[in-house]
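Reviewing the structure listed below.
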Amino acid sequence: MKLIGSSSSPFVRKVRVVLIEKKLDYLLVPEDVWAEDTRIVESNPLGKVPCLIMEGAEALFDSRVIVEYLDTLSPVGKLIPSVGRERAETKTWEALGDGVMEAAVLARLEATWKGRTKAQRSQAWIDRQMQKTRDGLNAMERGLGEKPFCTGIHFSLADIAVGCSLSYLDFRFPELAWRDDHPALAKLYEKLAQRPSFADTAPA
Ligand code: GSF
């Protein structure tokens with residue numbers, strides 16, 4: 001399998017962590033979707049990464065679809081419960097982690113994307129997205145509580161999505177200092193960072 005992506009994307013990282021946790025072999029094909037000569041639309045018409053090219057050459061996107069597929073490929077370390085409330089709970093955690101990443105990415109793009117002039121950048125939009133980021137962090141802290149992992153005693157996709165969102169904030173918004181007000185998340189993140197899947201995929 002080939003994974004098209006960049007090492008700075010938190011969504012790509014989520015997929016890479018899953019590949020490593022599931023002990024699946026893959027080749028990372030670097031792609032800068034913001035470069036003029038990007039050919040990402042040949043694989044994903046939406047022009048986004050991650051995009052997984054399966055054996056047989058069909059493409060899969062987006063990260064939620066990819067990780068769900070990968071979890072079915074091997075019985076090693078099941079990351080998403082198969083049915084019922086537990087499955088919905090895990091996927092809601094994933095949506096929360098993804099939502100924090102998405103809001104933070106949108107805030108950063110508003111401030112930095114070269115396609116906008118200074119006059120076109122909207123501070124109100126950045127504030128709106130950063131509020132979502134903070135609200136998401138607060139919800140994750142409350143939801144985690146005293147539990148060892150997001151959904152209870154087992155490591156799952158919920159922790160991967162949350163961990164990737166936290167490390168993206170460290171990477172792009174260190175001034176947010178999220179650890180100060182979120183001690184439970186800080187403890188979880190310390191534990192996650194020790195897993196080879198996280199240690200080997202740090203954003204760059
Ligand atoms: C989000 C992917 C995404 O925004 C997913 O795969 O889960 N819901 C999707 N990818 C960004 C890179 S990043 O900020 O992680 C992307 O490829 N953006 C290009 C664009 O044109 O928006």
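Note that the numbering runs from 1 along the sequence shown for the chain. We count ligands from 1, going down the list as the structure has it; atoms in each ligand are counted the same way. Computed from a predicted structure; not experimentally measured.
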In the structure I gave you, are the side-chain heavy atoms of Leu96 and Val162 within less than 4.5 Å of one another anywhere? no
Give the residue, atom name and distance (to 0.1 Å) of the protein heavy atom nearest atom 17 (O) of ligand 1. Val49 N, 2.9 Å
Sub-4.0 Å atoms of ligand 1 with respect to non-hydrogen atoms of Trp34: 18 (N), 19 (C), 20 (C), 21 (O), 22 (O)
Which atom names give the shortest non-hydrogen contact between Trp93 and Thr151, and what distance separates them? CD1-CG2, 3.7 Å
In the protein, what heavy atom is nearest to atom 7 (O) of ligand 1, and what distance, to one decimal place, separates them? Ser63 OG, 2.5 Å
Tell me the protein heavy atom at minimum distance from atom 22 (O) of ligand 1, and give that distance in Å. Lys48 CE, 3.5 Å
Please determine if Arg39 and Glu31 form a salt bridge, counting it only when a charged side-chain N lies under 4.0 Å from a carboxylate O. no
Return the residue, atom name and 0.1 Å-rounded distance of the protein heavy atom closest to atom 8 (N) of ligand 1. Asp62 OD2, 3.0 Å
Could I get the full list of salt bridge (Lys or Arg N to Asp or Glu O under 4.0 Å) partners for Arg172, not counting sequence neighbours? none
Number the atoms of ligand 1 from 1 as they appear, then name those within less than 4.0 Å of a heavy atom of Val105, with their elements. 14 (O)
Any chance you could lay out the side chain to side chain contact (heavy atoms under 4.5 Å, CB included) test for Gln129 and Lys132, step after step, and finish with the verdict? CA-CA 5 Å; Gln129 300 308 326; Lys132 287 184 201 296; 3.7 Å; yes
Only heavy atoms of Gly47, strictly under 4.0 Å: list the atoms of ligand 1 that pass. 19 (C), 21 (O)
Pairs of nitrogen or oxygen atoms closer than 3.5 Å, one from Glu102 and one from ligand 1: do any exist? no
Does Glu21 pair with Arg16 as a salt bridge, N-O distance under 4.0 Å? no
Return the closest protein heavy atom for atom 13 (S) of ligand 1 as residue, atom name and distance. Ser9 OG, 3.6 Å
If we number the atoms of ligand 1 from 1 as shown, the ones under 4.0 Å from a heavy atom of Val33 are 17 (O), 19 (C)
Looking at Phe155, I'd like to know if the NZ or CZ of Lys191 sits under 6.0 Å from its six-membered ring centre while staying within 45 degrees of the ring's axis. no
